[in-house]
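Take a look at the structure below.
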There are 2 protein chains.
Amino acid sequence: MLDEYGLPDLTMRRLALTLNVQPSALYWHFENKQTLLAAVSDRIVRGTRVVHHGETDWASAVRIEAEALRNALLSFRDGAEVVLSSQALGLGAGEALARLTAAIHLGDFDERVERAAAAAFLHFLLGHVSHEQQRIQADSLGVVISSQGAKPSDVDTEARRERDSFDFGVSLLIAGLAVQSEVAR
Amino acid sequence: MLDEYGLPDLTMRRLALTLNVQPSALYWHFENKQTLLAAVSDRIVRGTRVVHHGETDWASAVRIEAEALRNALLSFRDGAEVVLSSQALGLGAGEALARLTAAIHLGDFDERVERAAAAAFLHFLLGHVSHEQQRIQADSLGVVISSQGAKPSDVDTEARRERDSFDFGVSLLIAGLAVQSEVAR
DNA sequence: ACCTGAACACCGTTCAAGT
DNA sequence: ACCTGAACACCGTTCAAGT
């Protein structure tokens, strides 16, 4: 349904219709829409399992995990916004945070540093991908935002640019964390 | 209205009621709710003007700007979420991005680096503060989320912790960007 | 230029009652 | 255990018509 209609049209009533059921029936299975969306977030995040990395360093582990999470979010329409909206309520992104924290933990930092860094990674990640997906959607609707002189810029080079700026952001945070580790010892 | 009711209850109908006007009247002034919220975002972001920093280095400039933006967002209930929701539509956060970019520009980086870094700062900033405000709201409703053994932890130390983890995130990004500048030359 | 009145096509959620 | 029927209290938006 998400892929077909997008988040704004993922309503309880439409979901019930798809399931050939009355809207009220959904409330036997989920307390409300928020918890339902949290469950959807979980499924989205768990989508991409990371290849069990042997004994790589923490930086590569974080990079791999970030990439995997980005792919998981990108694999559903509005994926990032779904997770963003349900973590805004304190639900749904726990799994993602745990995975990032585990990767960082390989670097053996102070525990509070690890928590704060994982949160920073997650904030960047969700923000960036939701921005990406908003662009994807706008493009698919043929909406032209780019002002003056910018060529149609084929989808491929556009996708590369997005990936590059994502990697750049991840690199910034990793480099910052690396400096932090040198300060610590 | 935002401070009194919060974003979820900031509806066109309630706004009209507050203004002693019919809901349809609002549509003469704004094309739709999205553009109205974008205007609200603008006001929130412009709230805190930065003290004209003389000739500090780019790192302090960025730190000051980030702090100012955080304060602007915190000064309205659900401020971060308002901006987040309207920048998800490509509107509303332009001013914030411009200010961060200007501060970073003092460091004289590659233009693409500056853009990507400013975006990274903004994503972290909005994500962090919206998380903060969600916590504030939960606390004010007396909702206890913290599991087991965590003391009630007075509001003051809680606020300090939030500020610290915000500063930490900003520091991560700044340190990462500093490394980037060394690579460049 | 700015607003009203009335309508359209929806929402999420509750709750008694059914099977 | 799981669902229906019916209702409640709302939404955003449009558009002819008024002043």
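Chain letters run A, B, ... following the sequence lines, proteins first, then strands; residues in each count from 1. Every value quoted in this text rests on a predicted model; they were computed, and no experiment measured them. Every heavy atom of this structure was used, including side-chain atoms; hydrogens, water molecules and symmetry mates were not.
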(request) Kindly express the pairing pattern of DNA chain D in dot-bracket notation, using | wherever a base pairs with another strand and counting only Watson-Crick or G-U pairs under 3.5 Å. (result) ||.|||||...|||||.||
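Qualifying side-chain contact (heavy atoms from CB on, under 4.5 Å) partners for A/Ser171, counting only residues two or more places apart in sequence or in other chains: A/Arg63. A/Arg99 meets the salt bridge (Lys or Arg N to Asp or Glu O under 4.0 Å) test with A/Glu65; sequence neighbours excluded. Qualifying salt bridge (Lys or Arg N to Asp or Glu O under 4.0 Å) partners for A/Asp57, counting only residues two or more places apart in sequence or in other chains: none.
Atom NE2 of B/His29 is separated from atom P of C/dC2 by 7 Å (rounded to the nearest Å). Straight-line distance from the CG atom of B/Leu26 to the P atom of C/dC2: 14 Å, rounded to whole Å.
Here ring pair (Phe, Tyr, Trp, His ring centres under 6.0 Å) pairs that include residues 161-181 of chain A, with residues two or more places apart or in two chains, are A/Phe124-A/Phe166, A/His128-A/Phe166. Judged as a salt bridge (Lys or Arg N to Asp or Glu O under 4.0 Å), the pairs with a partner in residues 67-79 of chain A (not counting sequence neighbours) are, in order, A/Glu67-A/Arg70, A/Glu67-A/Arg163, A/Arg70-A/Glu132.
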Going by atom type alone, with no hydrogens or angles, which donor-acceptor pairs under 3.5 Å involve a side-chain atom of residues 109-121 of chain B and a protein atom two or more places apart or on another chain?
residue, atom, partner, partner atom, Å
B/Asp110, OD2, B/Arg112, N, 2.9
B/Glu111, OE2, B/Arg115, NH1, 2.9
B/Glu114, OE1, B/His105, ND1, 3.1
B/Glu114, OE2, B/His105, ND1, 3.1
B/Glu114, OE2, B/Phe109, N, 3.1

Check: residues 5-18 of chain A side-chain donor-acceptor pairs under 3.5 Å, at least two apart:
residue, atom, partner, partner atom, Å
A/Thr11, OG1, A/Arg14, N, 3.0
A/Arg14, NE, A/Asp9, O, 3.2
A/Thr18, OG1, A/Arg14, O, 2.9

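Comparing D/dA9 with C/dC10, their P atoms are spaced 22 Å from each other, to the whole Å.
In summary, A/Asp139 and A/Arg135 engage in a salt bridge, as defined by a charged side-chain N under 4.0 Å from a carboxylate O.
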(request) Treat primed atoms plus P, OP1 and OP2 as sugar-phosphate and everything else as base, then score nucleotides 6-19 of chain C 5' to 3': B for base contact with protein heavy atoms under 4.0 Å, S for sugar-phosphate contact only, - for none. (result) -B---BBBBB----
